[in-house]
Asker: 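First, the structure itself, so that you have it in front of you.
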Amino acid sequence: MMTFWKLLNLEVKRLVIPFVIMAIMVAAVQMYGAHAMARHTENEAKEIMAREKLATVQQLEELHGLASYADVIRINQSPWIILPIGLCIAFLLFYLFFVWYRDFIGKHSFMSRLLMVPASRHHIYFAKLFAPLLVIFALLAVQLLVLPVENRYYNSLLPDEMRVEYPLNYLISAIPFLRKLIPLSAEQFAFNYGMGIAAVIVLYTGVLLERSFRLLGLFGAIVYAVAAVYIATIPLGLGDHWFFYEKARLLAGIISVIGALSLWLSLYLLKRKITV
Amino acid sequence: MELLFNNRDPVYLQVVKHFKERIATGKLTAGQTIPSRRELASQLNINPNTAQKAYKEMEEQGLIVTEGNSPSRITGDTAILSRIRDELLTEAIDMFLASVRNIEVPPEQLLSLVQRRLESNRSEPSSERGGTE
Amino acid sequence: MSRAIAKYWITSVMVGLVIVFAFLYVRPGWETKGDPKLRLATLEGDPKAVANLSVWGTYRYSRDFNSRIGLDVDGIIHEKEPTLYEQTFEPWLSAKTVKNMFDGNLDFLRGKKNYGTFYSDDEMLAYANTEHVNDDWVLQISVLDKDTKQQSDFEVQYPDSNTRNYWFTDALQRAANGDIIVLSTHSVNVDAEETRHDKELVRLQIDTGKKAISSVTTVIAGREEDKKQLGLLRNTKVYNPMPYMLISAPMNGKWGYYSYQTATGKLSPISIVKAGTEIPTMFDVADDRLDYAYTDGSRIHLQSFDLATGQPESEEILIDTSQWNAVSARAVAANPKAFSIIYENKKADDPIAGVAIVDRKTGKVIYRAEVQADGTEQERQEALRKFDLVSGLAL
Amino acid sequence: MIELNNVKKRFGFRTVLSGVSFQAPKDAITCLTGLNGTGKTTILKSIMGLTPIHGGTITIDGSPLHHTSYERIVFVPDQLPMPGRMTVEGCLEFMSDHYRNWNPERAAELTQMFKLGLQDRVGSMSKGTAAKLNLLLALAMNADYMLMDEPFSGIDMFSREQIASVFSSELVEGRGVILTTHEVKEIEHLLDYVVMLDNGRITKQFACEDIRLAEGKSVVDVMREVYET
C-alpha cells in the first residue's frame, strides 16, 4: 500500500503548481467580480432612488427589494464566477490526458520506470486517478471557502442599510452552472460525481487502449467511448412507462457497470498489454 | 600490467600466457603472491568470469597454488617453472617456423640469418622488442 | 516521523482541503446562517392538541429570492432537497397520496399523465384522461381490480369530437353496478371568434366490461361568467368514493351551489349564498356534509350543510379575528371536530400572521399561535414584513 | 538463468520476433547483437514485461515475471527513464522509496565516482551524465540480473571508459548481464556469450571463448561471416 501513497504523492506534487495557480485565479477573479457587482448595485440603487424620488433605502427596499450578491449573480449569470471555473475545468480535462502521455512521450519515458516498480501496477493507475480527483475536490473546497468571503466583501462595499443576509446555499442555487458543480442534494452530488469519475475511468481506458495498441488502440478507444456514452444514454430514452427514479437508478447502475468494466479493462491493459 | 588482447585467441588463455611470460622473464618469482581474481579483472579490464577461468587453467597446469581463500601464489616447483621457459620458447619458434614455411629457405641459411639478427639485436636495448611487457 | 511529514506534506494539504470541502458541504451552517430569527409562538391552548405544529410560507430574502420556508416553535424549517423518489411523484401526487392510495399497486401509475384523474376505493383503482388524438376527443380509461390485480385499459369516444370544443375530465367515481362514472366539463364554442364558451358538466357512465359508454347525461349547463367557475368544485386528483359532490352554477339570476348525488345524479340546491358579495374561502365535502366558510374583512363565517337535503346542518359560527387585531382572515381546513383558520394584519407596525384551531360546535379557540421574530425592533419588523404565511395548521 | 523459449512478437501487423530462444546464465555477460532494428531492444523490454509477447515463454530462474521480480532484475534502457524535472537526489529517493534491494551506500559511492551533482535535473543533463545516472540506478541495486540497452551508444569517450570499467568490476561479479550493442568490437573481450539476431530471428549464438578456442575467430569475424552472406 505504501507504493500507492508514494506514487500518489509523486503525482500530486506534479499538480501543485497548476493547483495553486487555479485556486488563486478563481479567488482573485471572483473577488474582483464581487467588487464590480457591488459598484453596479450601488449605482443602480442611486439611480432608482433618484428617478422615483425615494428618500430612504428603506423605501427602496419595500418597493423593489435590495439586490443581494446572489441576486446580481443570478441576473447576469455572472461571468466572474463561471469563467474561472470554466478555465479550471478546461485545464483539468486536458490534464486527464496529459497525466498519462507526459510519462510516455518525450526523451525520458518515465512510464517504463513506473512499470518496473516492484508492486502491482494498479497502484500506478489509482495514483493517476486519485491525484486529479484530489485536486478537483480541493478546488471545490477553495470555491466553498471563497463564496462567503465574496458575499461579505460585496456587502462591505455597500452602505450598511443595503446589506442583505441569506443562507449561502442560495448563492450556489443562484447559478445553474454552480448548481451542477456543487449540487445541494447529496444524492444528486453523488450522482453527478459518480458519473464524472466513471467518465474519467472510461477516458483512462481509452488512453491505455491507445498506449497498448497504438493506432488500432486509438480506433478501439473511440469505439469504446462512443459505445459507453450510447449505453449510458439508453435510460434517458425510455418512455414514460418508467418512473423517473427507476430511470435514475437504472442510469446509476449502468454507469457503475461501465465504470467497473472500464476499471477492470484499464488494469488488465496496464498489467498485460501496455507497451513502452 | 596492461595487456592488449587479440580477439581471436581465448582471452583466458592469453591471460595464462601473459603469466607464463612474466614467470619466464623472472618478473614473477616462485612463491610470489599474485593479485586476486577481482583485482586482476579490473587491472586487465577483463570480465571477472574470464579471470576466474584463467586462474582455474593455471591451477590445473600447476602454475599457481591456492590454499583456502588466501591469495594464490606462484608454485615453488622449479621443474614446472623451467618447463614454462622451454614451452614458451618452443611455442615462439613454432610460430616463427610456421610463418616462414612458405618462403622455402634451406635450414642452414635460415639458421645463419637468425644468428646474424641475434647479434645485431644484442647491441640495441631490449625495450623496442615486442610489447609483451 | 517528521521526515514522512516533510515528504507527504503536499498530499496531506490536498487531502486536508478535500476534508474541508466535505465538512463545508455537509455543515448545516449553509442553511441557517443569514436566516431571519422567525418562529411560531403559542398564544392560547395546548400545543400538544395539534398533530402537526408547523406552518409554511414564503420569505423574501432579497429582491429576487422568495423561498418557501416552514416555521415551528423552534424556528425555521428549510425544505430539504427532494430525493429521486420524491422527484418522481412530487408535485404530481404527494408522497402521502401515493402511499395511501397506490401502495402495493404502484405499477398502475405507469405511463399515466399527470393531468389525468384517479379514483381509489377498497376494491378498485381507476384512471381517466381526456386526450385530443388525431381530431378526436378520446377518453382513456384504466381500471385495476385490487384483489385480482387484473388491469384493463381502453378508450372511448367523446360524443362531440368537434375540435373547436373542449373536453376536460373533472372527477371519477364508481356506480353501484361497477360502472365508471366520469364527470367531464364540455366547453362548447358559441361564436366563431372563440371568445365565449358555454359550459356543460356531462356525466358519462362507462361499462368496464363492454369497454363502452353506457349512458351520457348532462348534469348542468350554463354560460361562463368571469371569475365564476361553472361545474364541479374539485380540489383533488385522486377521488375516494364521494356520495355527494358540490357543483357551482348560475341559479336564477345569481350564482349558486348544488349538491350532486353521485349515485342517482340528483341535483339539489344548497342555500349557501347570502348577499352574494361574500368571498368563499373553503368548500370541504366529507361524505354528506359540506363545510363552507366565507370571509368578510376580519370575520370568518363557518357553517356546515347536509348535502342530502341542502339545508344547514348547524348554526353559523362567527369568528371575529379583529379581537387579535387582524385585518384579514380565512378558514383553510376542516375535520369533524374543528376548523383551521389563518388571520393576518400586514399593515401593523409588527405585522401579524396567526393561525388557530377552532372548535366546530362552539367556535371556541382550541389552539392559537402567531409568527414572532426575535432580535432588535428593526430586525423583528423587517423579518415579519418579509414573511408571507401561506398554509395554516394541518388537521 | 533467464530463458527465452520460442518467443514471438508483433507490432501491429509487423512481426518483430519470430520464435527467439536463448538462455542467459546467471553469472555471465551475454550480448545480443545484430544490425539495427533486429529486435534487440524489444527482447530486453519483453523480458522486463514492458511490452507484451504474442507467443512462447520467458522465465527468470524458472518462473515467469512477477512484479516482485523487479527487485531482482534491473533494466538500463537506452534513455534514462526519469521525468525531466526530477533531480538526481529525486531519482535516488524514488529508487529507495520503491526498492527494498536498493543499496544506498553503493549509490552514494557511485554518485561520487560518476561525479553527479545531487541537484542536477534530469532534463538538463548531458547524454553521458544521464547514461551514467541510468547505470547507477541499476548498479546500486542488489539485483541478480541486469539488462542494458546500448550502454555505450553515442556517449563521450571518457564516460564510455568509465562504463566499460564497470564490466570488469565486482559490481558485475556473480550477476547475469544481458546487454545489446551493435559495436561489439571494443567490448568483445568482456563478453561470455553472444547471441546474433537478424530481423527477429537468432542467426547464431555461442560462447566467445569456445569460438576463439575452436576456430580462433573473434566475435567480429563471426559477425562479418553471418551478416555478409
Side-chain angles (χ1 to χ4, degrees), chain B residues 1-21 34-61 63 66 69-72 87-88 91-92 94-99 101-102 131-133, chain D residues 1 24-31 33 109 113 139 146 148 151-152 160-179 181 183-194 206-225:
Chain B
M1 216 153 123
E2 200 47 52
L3 182 56
L4 269 182
F5 293 103
N6 73 63
N7 283 331
R8 289 203 172 70
D9 300 333
V11 177
Y12 78 98
L13 292 182
Q14 293 181 52
V15 170
V16 169
K17 185 151 159 280
H18 168 65
F19 269 84
K20 283 180 180 171
E21 279 159 8
I34 55 173
S36 75
R37 289 163 184 72
R38 185 172 303 166
E39 280 149 8
L40 182 76
S42 53
Q43 278 166 17
L44 297 185
N45 193 0
I46 54 170
N47 155 354
N49 298 347
T50 317
Q52 167 66 16
K53 239 172 151 180
Y55 272 54
K56 203 148 90 5
E57 180 65 20
M58 285 194 280
E59 269 155 15
E60 274 154 19
Q61 292 184 18
L63 262 74
T66 321
N69 47 28
S70 60
S72 315
E87 200 186 291
L88 280 181
E91 208 176 287
D94 293 347
M95 263 192 348
F96 169 69
L97 291 178
S99 58
R101 181 162 303 114
N102 41 32
T132 54
E133 219 48 39
Chain D
M1 183 244 290
K26 183 157 183 323
D27 53 5
I29 299 182
T30 307
C31 172
T33 187
E109 222 181 280
M113 186 175 119
L139 289 175
M146 188 161 78
M148 307 175 72
F152 306 107
R160 188 192 296 259
E161 252 154 36
Q162 253 189 333
I163 292 176
S165 70
V166 160
F167 285 93
S168 50
S169 73
E170 80 288 352
L171 293 170
V172 159
E173 204 179 331
R175 284 206 212 185
V177 172
I178 305 178
L179 64 95
T181 182
E183 319 141 354
V184 176
K185 203 166 169 319
E186 287 149 33
I187 54 160
E188 193 185 314
H189 58 286
L190 291 166
L191 307 176
D192 292 321
Y193 297 93
V194 167
F206 53 86
C208 307
E209 297 286 70
D210 298 350
I211 282 283
R212 290 185 189 116
L213 199 61
E215 300 165 22
K217 288 205 200 85
S218 76
V219 173
V220 173
D221 303 338
V222 178
M223 273 182 76
R224 202 164 286 120
E225 279 167 26

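We name chains A, B, ... by the order of the sequence lines, and we start the count at 1 in each one.
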Asker: Specify which of D:D192, D:V219, D:V220, D:D27 makes the most heavy-atom pairs with chain B at under 4.5 Å.
Answerer: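 If we count pairs closer than 4.5 Å to chain B, D:D192 comes out on top.
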
Asker: Spell out the residues in residues 49-58 of chain B that have some non-hydrogen atom less than 4.5 Å away from a non-hydrogen atom of chain D, in order of number; otherwise answer 'none'.
Answerer: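 Answer by number: B:N49, B:T50, B:K53.
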
Asker: With a 4.5 Å limit on heavy-atom distance, are the side chains of D:L190 and B:V11 in contact?
Answerer: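 When only atoms from C-beta onward are counted, B:V11 and D:L190 do not touch, as no gap falls below 4.5 Å.
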
Asker: Using salt bridge (charged side-chain N to carboxylate O under 4.0 Å, His left out) as the criterion, list what pairs up with B:D9, not counting sequence neighbours.
Answerer: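 Residues passing salt bridge (charged side-chain N to carboxylate O under 4.0 Å, His left out) with B:D9: none at all.
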
Asker: Give, as side chain, backbone, both or neither, the part of D:I187 having an atom under 4.5 angstrom from any heavy atom of chain B.
Answerer: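 Contact with chain B involves no heavy atom of D:I187 at all.
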
Asker: Taking every non-hydrogen pair under 4.5 Å, which of D:I211, D:V172, D:D221 racks up the most with chain B?
Answerer: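 Option with the top pair count is D:D221.
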
Asker: Give a yes or no on this: more than 12 heavy atoms of other residues, nucleotides or ligands lie within 6.0 Å of atom NZ of D:K26.
Answerer: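 Atom NZ in D:K26 is crowded, with more than 12 foreign heavy atoms closer than 6.0 Å.
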
Asker: Mind checking what makes side-chain contact (heavy atoms from CB on, under 4.5 Å) contact with D:S165, not counting sequence neighbours?
Answerer: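 Here no residue qualifies.
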
Asker: Please report the shortest heavy-atom distance between D:S168 and B:P48, naming the atom on each side.
Answerer: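 Distance-wise, the nearest heavy atoms are CA-CD, 4.2 Å.
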
Asker: Which residues satisfy the salt bridge (charged side-chain N to carboxylate O under 4.0 Å, His left out) test with B:E59, sequence neighbours excluded?
Answerer: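 Result, salt bridge (charged side-chain N to carboxylate O under 4.0 Å, His left out) vs B:E59: B:R37.
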
